[in-house]
Each structure stands twice: as C-alpha cells, then as structure tokens.
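This report concerns only the one structure given below.
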Amino acid sequence: MDSKVVFIDHPYYAVNNPSNNLRIYKKNKKGEWYYIQCKDIEHYRKELKKYILGFYDYSRDESKAKSSMFDYYMGGKKDEDVMKRNKMRREEMAMLKDGTFIKDDMVDDMKDNWSEYLENSNVNLAVLSLYQDYVDENIDISDLQKEVATKIMPKFLKYCGYQDPEKNLEWIVSLHCDRENNYHFHIAWLEKNKCFKLKNNKLGHRYKLKLDENENNFIKRQVSLSIERSKLYRPALIKINEDLEHLQSYFNPKDRNFTLKNISDLYLEEDIIRLGYLLTQVRDTDKKYIKYGSLPRNERGKEIRILTNKIKDKLFDSKNELRLSKNEVDEAIEKLNDIFLDIDKRNNISNAGFESAFDNKMIRDKLEKSDNYILNAIVNHALYNYDYNKGNTNKKSSKISFEDIIGEIAIIIYKDKNNKIYLNNRKKFRLKVLENYFIYGGYKNHDKMSNALRRLSKDSDNAAKQFYEMLSDNEYTNNIYF
C-alpha cells in the first residue's frame, strides 16, 4: 500500500559544526546521491553557501549564475506554462513561519541572515509529499500549507528538542503542485540562536543531522491529522467534549442530576461533613467558596486533598450513572485512539513514537480540567453543607435532624479518633447510632441520651462531648450491641 504522506529530510552541516565531514551531498540527473569532498572549512563554506544561497554571489559572469534555494522555492526553475497551468504564483508559494509569503524584495536580506546562521546552525532541507486526491477530499491545500507553516512546524521542532522555535528558528514551507496527483512542500529550517537542549540540559546548536524515526513519524502524524481533522478527528473531539460535559453535569448544583444532593451512603455523608469541617479551618473568613487548586501546601491541605479524592472515588464506585458516564468518556477517547492507529496504518507509519490518545496533551488537559471541576464541586458542596447545617443547629429547636446526628458523629470521630472504643469498634459504633435513630426513631429507652442529642442544637461542641461520653459509658455501650 502506497503512503499518502511521505517526509524526507536532507540536512547539511553548519560550517563550524564539530561533526562536519566537509561533504556537500547532491543528486545527479538520475536522482542518485553523490558528494563533493571539500578540501577544508573555507572550501566547504563556499560550496554550502553557493548551494543554499545561490551561485550568483560567487560568479563574475551573471549569465552563468544559478538560482538559490529561495528562488527555487519561489518557482524560479518552473516554466511559465507549468506555473500557469498549476495556478502557481511566485509571490504566493514560499510561506514563512508567520503565514506570510516571501516577496522578491525580501530575498537579499534573507540570504544575508541565512548566510550568517549557516556558520553555526545546520540547515535541514526536507520534502513533504502528499497524494493530491487524499488532500482534496479533506482540506483546501492553501489551508493545509498555512497549518503546516504556523502550527505543525513549531510543534514538530519543539518535539525535536528545540526550545521556543517561534523565537529561535527560521523556516520556510513552499508549495509545489506541478506533478500528477501530487502536492509537495519544500521545507527548510535552521537555528538563529543556540536553542537545542543538550544532554547536560544546556542550550547549544544541534549537531545531529538526520531525523530519527520518532521525529519523522511525528510530523507525518501531525500532517495526516490536519488533513483528516474535519472528517474524523474533529467529530471525535466533539464527542469527547460532549461526554465530559455530561459527566460534569452530575456535579453542577443547578442541574437536576446533581449527584451530591441525595447521598444514601452514611459513611460517604460522614466524609462530606468532615471535609466541610476541615475546609472551614483553612478558608478565609470573608469567603464563602474555596478553590481545590488553591488549597494550602501543608499537612492540613494534604489531608483535605486526600479526603476530597476519596469522596470522588466513592461516588464513582457507588453510583451506577456516574460509572456509565465515565465509561462513555473512556470509550470516546478509545475511538480517537483507533483513529490515530488507522491513520498510521493507512500511511505506512511505523509504531515508533506512537502516542496514545490517553497520553495526548490536549486530551490530558481536558481530563484534568474536568477532574478539577468535579473536585471543586465536592469541596464547595462540603463547605456549603457544613455551613448550612451549622447555621441550622444554632437556631432554637427541640428536634434533632438526621443530618445533625451524622454531623456530630463525623466530628466526634475526627476529634477523638485516638479513642480506644472508636478504634476497636468504629464501624459498629457509627452503624448502631445511626441505625437506632434512623430505623427505630431514636433512643426511646434512654432518656439521658435523648436529652443529650437535643442539646446538640444549643451547644454543638459541649453536646458533642456529652454525646461521646454517653457512648463511652458502660451503662449505655452495653445496650448498644458492638
């Protein structure tokens, strides 16, 4: 099967590159490679600059001058009939990194600049060849050229190890479309400054010339995705976004699906109340809300983060609709992964450097943003829930609500978590107290305990202490079957 996207690079050593072998590689009329072995660096400098910048600078006879790389990129060697037939216009062929085209009045300055860069920076000349039918079925070729020049090249160069490519490198992407069923971009790039990350983490010029298989595959994948974005890639992303929005709706207090509205798991409710209590310890007094990402980086903040994630995990374990919604997100990402694999297969791209959709930075960012939304919802619900119930218990009332019981037990356990009775019987301790109140309507035969429960509404801290003492008293613990 023929590849629809082919990328071949042909680099040249910088004049002062310590790995320089002083060879200038060329192709003969049969398309075969040969090289000129230069005598010394001065000879190499002359031959390299003649090859890239043109022979005119080195020829006294203008009639013998030959075109430079810039002139070739701008269609200088094409017949007028070929240019006209293929709608190739000299002033709209060679595109710069900002999406503008090279004009003839810019070439002399560019030659001067590139001549200076060639002293210390390798120059890479590459050809990106594409099936015309493959491109035309999916995207306008002029849009693809701009995509390659302004978006794909900086990502590709960064992947290759260059730092801040837009600032530190120059590149050209020139479209030629004079072959049957073929578009091809002639691409050249070189460093303006030292910007390649070396093994010692310092910045220098890149000495290595040929791209490795990972780097070669990276640019082919990016180009293929750009070509097929509207047909395959974009719809898959839209589906992922829709599934993430649906998942987040369960954590929107204004949505009828708000999953924190009715919790049937007593231990989960207890964790939410304890989280609210902990949040009040770190929240600014003048703020009603708190951001999960702004929690303090201390032991209390760590405890809150652990508890918040524990609540999130419990919710996804206990609620079937949440699990299904999360599965939909995972399946949508898996389908995107299948698209990646299919594109590689159809373009004969090896699996070297393949990036799973789950590892894709854009997908990771979407998942992280969604996760933060959920964690923020849990944090602020817990904070609101604790504030609301605390406000209610401060009001005069002779009736203790079910939430009061859960709240007091949660705080008692948190404050007295080293007590032996709790440590030895923590599960039964919680269950029995709640079961007696919730199922049997309270401790009818224990007036002393009932009175203590009622006083919770008047003095929370004092009542909590009395309540715990009641449960620690043998007279009562003997009747609560641990």
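Residue numbers count from 1 along this sequence.
- Looking only at side-chain heavy atoms (C-beta outward), Phe185 and Val148 come within less than 4.5 Å of each other.
- Screening Leu130, Val127, Ile219, Val223 for a side-chain contact (heavy atoms from CB on, under 4.5 Å) with Phe7, the sole residue that qualifies is Ile219.
- Of the candidates Phe156, Tyr162, Tyr12, Phe156 is the only one forming a ring pair (Phe, Tyr, Trp, His ring centres under 6.0 Å) with Trp189.
- A heavy-atom distance below 4.5 Å is not found between the side chains of Glu334 and Asp330.
- Arg206 places no side-chain N or O within 3.5 Å of a backbone atom of Phe196 that could act as its donor or acceptor partner.
- Using a 30° and 60° split on the angle between ring planes, Phe258 and His381 fall in the perpendicular class, above 60°.
- With hydrogens and angles left out, the side-chain atoms of Asp344 and Asn351 include no donor and acceptor closer than 3.5 Å.
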query: Between Arg305 and Arg297, is a side-chain contact (heavy atoms from CB on, under 4.5 Å) present by the stated rule, with each step listed?
result: CA-CA 10 Å; Arg305 280 188 287 272; Arg297 296 290 170 180; 3.6 Å; yes

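- With hydrogens and angles disregarded, no donor-acceptor distance shorter than 3.5 Å links the side chain of Lys312 to the backbone of Leu375.
- Of the possible donor and acceptor atoms, one in the side chain of Asn16 sits under 3.5 Å from a partner among the backbone N and O of Glu119.
- In this structure, Ile273 CD1 and Leu278 CG are separated by 12.0 Å, a value rounded to the nearest 0.5 Å.
- When only modelled atom types and interatomic distance are considered, Asn217 and Ser350 share a side-chain donor-acceptor pair under 3.5 Å.
- Side-chain atoms of Asn113 and Glu170, non-hydrogen and from C-beta on, never get closer than 4.5 Å to each other.
- In this structure, a donor-acceptor pair under 3.5 Å is present between the side chains of Lys155 and Gln222.
- For the pair Asn257 (side chain) and Tyr250 (backbone), a donor-acceptor distance under 3.5 Å is absent.
- A 4.5 Å side-chain heavy-atom check between Ser115 and Asp112 finds every atom pair outside the cut-off.
- No side-chain heavy atom of Ile363 sits under 4.5 Å from any side-chain heavy atom of Phe358.
- Within a 6.0 Å radius of NZ in Lys302, other residues, nucleotides and ligands contribute 12 heavy atoms or fewer.
- Note that CG of Leu244 and CD of Gln248 are 6.0 Å apart. Values are rounded to the nearest 0.5 Å.
- Remark: the backbone N or O of Ile304 is paired with a side-chain donor or acceptor of Thr308 at under 3.5 angstrom.
- Panel note: side chain Asn193, backbone Cys195; no donor-acceptor pair is recorded below 3.5 Å.
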task: For side-chain contact (heavy atoms from CB on, under 4.5 Å), just list the numbers for Met93 and Ile102, CA-CA rounded to whole Å, side-chain angles, deciding distance to a tenth of an Å, and then say yes or no.
output: CA-CA 8 Å; Met93 287 180 64; Ile102 300 175; over 6 Å; no

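- Judged by distance alone, the side chain of Ser121 and the main-chain N or O of Tyr117 form no donor-acceptor pair under 3.5 Å.
- Between Arg346 and Asp342 there is a salt bridge, since at least one side-chain N of the basic residue sits less than 4.0 Å from a carboxylate O of the acidic one.
- Between the side chains of Tyr292 and Asn309, a donor-acceptor pair is found at a separation under 3.5 Å.
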message: Apply side-chain contact (heavy atoms from CB on, under 4.5 Å) to residues Val5 and Tyr131 and explain how you reach the verdict.
response: CA-CA 7 Å; Val5 178; Tyr131 270 11; over 6 Å; no

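- Panel note: side chain Asn347, backbone Ile349; no donor-acceptor pair is recorded below 3.5 Å.
- Comment: Glu147 engages Arg229 in a salt bridge, judged by a side-chain N to carboxylate O separation of less than 4.0 angstrom.
- Using a 4.0 Å cut-off between a side-chain N of Lys or Arg and a carboxylate O of Asp or Glu, Lys314 and Asp317 do not qualify as a salt bridge.
- With hydrogens and angles disregarded, a donor-acceptor distance shorter than 3.5 Å links the side chain of Asn168 to the backbone of Gln163.
- Put simply, CG on Leu232 and CG on Asp338 are 11.5 Å apart, with the number rounded to the nearest 0.5 Å.
- Other residues, nucleotides and ligands place no more than 12 heavy atoms under 6.0 Å from the NZ atom of Lys335.
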task: Could you walk me through whether Lys369 and Asn372 pass side-chain contact (heavy atoms from CB on, under 4.5 Å), step by step?
output: CA-CA 5 Å; Lys369 185 177 179 181; Asn372 283 334; 5.8 Å; no

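- When only modelled atom types and interatomic distance are considered, Asn376 and Lys291 share no side-chain donor-acceptor pair under 3.5 Å.
- Side chain of Ser325 to backbone of Leu322: no donor-acceptor contact under 3.5 angstrom is found.
- Side-chain contact, Tyr134 with Glu228: a donor N or O sits under 3.5 Å from an acceptor N or O.
- Rounded to the nearest 0.5 angstrom, Ser230 OG and Asp140 CG are separated by 11.0 Å.
- The aromatic ring centroids of Trp114 and Phe70 lie less than 6.0 Å from each other.
- Enclosure of atom NZ in Lys208 by more than 12 non-hydrogen atoms of other residues, nucleotides or ligands within 6.0 angstrom is indicated.
- Shown are Leu275, Ile272, Ile378, Thr280; of these, the side-chain contact (heavy atoms from CB on, under 4.5 Å) with Leu383 is made only by Thr280.
- Classified by interplanar angle (parallel below 30°, tilted 30° to 60°, perpendicular above 60°), the ring pair Phe218/Tyr159 is parallel.
- In this structure, CG on Asp164 lies 10.5 Å from CG on Leu203, to the nearest 0.5 angstrom.
- Put simply, CD on Gln145 and CD1 on Ile139 are 11.5 Å apart, with the number rounded to the nearest 0.5 Å.
- Under the 4.5 Å side-chain criterion, counting only non-hydrogen atoms from C-beta, Val173 is not in contact with Ile152.
- A salt bridge is defined here as a Lys NZ or Arg NE, NH1 or NH2 lying under 4.0 Å from an Asp or Glu carboxylate O, and Asp9 with Lys210 meets this definition.
- The environment of NZ in Lys194 is sparse: at most 12 heavy-atom neighbours from other residues, nucleotides or ligands sit within 6.0 Å.
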